Asker: 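Let me give you the structure first, and then I'll get to my questions.
Worth saying up front: this structure is predicted, and the values here are computed from it rather than measured. Just so you know, ligand 1 is whichever comes first in the structure, and atom 1 is the first atom listed for that ligand. Note that the numbering runs from 1 along the sequence shown for the chain.
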Amino acid sequence: MFRLTDFNFYGKTVFLRADLNSPVRDGRIISDARFQAVLPTVRHLLDDGARLVIGTHQGKPYGSDYTTTEEHARILSELLGQEVEYIEDVFGRYAREKIRKLKPGEAMMLENLRFAAEEVKYRPVEECERTFFVRKLAPLIDYVVNDAFAAAHRSQPSLVGFARLKPMIMGFLMENEVEALTKAYGTGEKPRVYVLGGAKVDDSLRVAENVLRRGKADVILTGGLVGHVFTLAKGFHLGDANLEFMARKGLLELVDRAERILDGFYPMIRTPVDFAVDLDGERLEVDLLSDEKRLFDEHPILDIGSRTVEKYREVLMKAKIIVANGPMGVFERDEFALGTVGVFRAIGESEAFSVVGGGHSIASIYQYNITGISHVSTGGGAMLSFFAGEKLPVLEALRTSYETFSETGAEDRRG
Ligand code: 3PG
């Protein structure tokens, strides 16, 4: 695949596809983690004299976090110490005129790429290539740099559409992500512990199936809603309130699948031994085997309990490789952050090579100053898709672009 350091960018117009999709509360971005992650690439391109056009998506149409990229441009400008002009247009005449006027070393941020209807669907490269987004912008662009690892599991025009038309180059973040994840997945060092939490249960089950069947994991620790599904699959009851919630989310349909995984790999999959419920706004820990578990009927489970954290910690301290995705509970509420913070902290303290991701949940790593994790991935769904053994469309597109241009499009390459 093409690497950033292989090219001279001076005076070249570069479209940088970043993933700055961030958690939003009350209309404001509450974590700059993905901005920090993409900074080295942005700095490199600007220092090299690129005319830089940055694009990102933010949220999904109609979602509460679906916003313009005005704040994204402001945050990036502040971190960079240089203006990144917000352009209230994706590929219309206004955007194209602004792109033409960019000078070497200047940067601008396009409007939320999902404001264009073409961006929301999963489409193969050939179709993405025919979108207006690609057709209108391609004549103005010399290179595409793709640093959107967190969206690498999507096949959308801005992510893959230029691959056969322009040299598409991996950004530094993309390179680091692929290297760290490949190391964790491919290693023979044991024990390899996977920690699967959060709400992406379907994706997590695909990871569990893949790494267990291919003999790439030795232990799986579960938490969050993934933990709920495996706990039910082991035959424990989690109370009416929690079952109703899971039914509404369509999670009960996944219990059978979890059971089939347990059929083959029961001893390798650990589930919580205690949980924390919300008792009128307070945290109360309940042992899964105690009589108090009747509280599950009326009170939502929002975290794993401290006994589970201790048990998981013992496993993590002996691990050689740790892959963790998703929180153990509703870490956004301080009283239910104990599980997530306890597990992530243990991962940081362990001597294992560790990769932790989970999209927005990595905010907790920064919020609680957790250190010692070998690689904090910006990927949520993309990371899960990688460990599920699936082909990521963006990585495929980077390969295609390399095959297409490694002979012909090399005039500005260094060396
Ligand atoms: C993410 O946060 O997982 C990525 O930004 C992808 O977002 P999406 O799930 O809305 O495509």
Asker: Which of the numbered atoms in ligand 1 are under 4.0 angstrom from any heavy atom belonging to N21?
Answerer: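 Those qualifying, in numeric order: 1 (C), 2 (O), 4 (C), 5 (O), 7 (O).
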Asker: Touching ligand 1 at all, E119? Heavy atoms, strictly under 4.0 Å?
Answerer: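 No, E119 has no heavy atom closer than 4.0 Å to ligand 1.
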Asker: Indicate whether any N or O donor in one side chain lies under 3.5 Å from an N or O acceptor in the other, for T68 and N112.
Answerer: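 No, no side-chain donor-acceptor pair sits under 3.5 Å.
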Asker: Between the side chains of K98 and D89, is the shortest nitrogen-to-carboxylate-oxygen separation below 4.0 Å, so that they form an ion pair?
Answerer: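 Result for this pair is no, no salt bridge flagged.
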Asker: State the NZ-OG distance between K320 and S354, to the nearest 0.5 angstrom.
Answerer: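 Spacing of NZ (K320) from OG (S354) equals 13.5 Å.
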Asker: Please determine which of F245, F275, F236 meets the ring-ring contact (aromatic ring centres under 6.0 Å, His included) test together with H228.
Answerer: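 Exactly one option meets the ring-ring contact (aromatic ring centres under 6.0 Å, His included) with H228, and it is F275.
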Asker: What is the nearest protein non-hydrogen atom to atom 3 (O) of ligand 1, stated with its residue, atom name and distance?
Answerer: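 For atom 3 (O) of ligand 1, the nearest protein heavy atom comes out as A150 O, 4.0 Å.
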Asker: Using a 4.0 Å cut-off to any heavy atom of H57, which atoms of ligand 1 qualify?
Answerer: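 Reading through ligand 1 atom by atom, the close ones are 4 (C), 5 (O), 6 (C), 7 (O).
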Asker: Which of the numbered atoms in ligand 1 are below 4.0 angstrom from a heavy atom of R154?
Answerer: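 Counting atoms of ligand 1 from 1, those under 4.0 Å from R154 are 8 (P), 9 (O), 11 (O).
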Asker: Could you tell me if R17 and H57 have a donor-acceptor pair between their side chains, going purely by distance under 3.5 Å?
Answerer: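 On atom types as modelled, these side chains qualify, holding a pair under 3.5 Å.
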Asker: Please list, in number order, the atoms of ligand 1 under 4.0 Å from a heavy atom of R114.
Answerer: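 Going through ligand 1 atom by atom, the ones under 4.0 Å from R114 are 8 (P), 10 (O), 11 (O).
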Asker: H153 versus ligand 1: do any nitrogen or oxygen atoms come within less than 3.5 Å of each other?
Answerer: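 H153 vs ligand 1: no N/O contact under 3.5 Å.
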Asker: Less than 4.5 Å apart, any side-chain heavy atom of T378 and any of L173?
Answerer: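 When only atoms from C-beta onward are counted, L173 and T378 do touch, with a gap below 4.5 Å.
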Asker: Which atoms from ligand 1 have a heavy atom of D19 less than 4.0 Å away?
Answerer: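 In order of numbering, the contacting atoms are 4 (C), 5 (O).
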Asker: Is the closest side-chain heavy-atom distance between I365 and I373 below 4.5 Å?
Answerer: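 In contact.
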Asker: Would M383 count as a contact residue for ligand 1, given that I'm defining contact as a non-hydrogen atom of the residue lying under 4.0 Å from a ligand atom?
Answerer: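 Judged by the 4.0 Å heavy-atom criterion, M383 does not count as contacting ligand 1.
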Asker: In ligand 1, which numbered atoms sit nearer than 4.0 Å to a non-hydrogen atom of R34?
Answerer: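 Counting from 1, the qualifying ligand atoms are 1 (C), 2 (O), 4 (C), 5 (O).
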Asker: Check T222, T271, D274 against T308 for a side-chain hydrogen bond (donor to acceptor under 3.5 Å, both in side chains) and give me the one that passes.
Answerer: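 So, applying the side-chain hydrogen bond (donor to acceptor under 3.5 Å, both in side chains) to T308 and each of T222, T271, D274, only D274 qualifies.
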Asker: From the options Q156, K60, K200, select the one whose nearest heavy atom is closest to atom 8 (P) of ligand 1.
Answerer: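 Ranked by closest heavy atom to atom 8 (P) of ligand 1, first place is K60.
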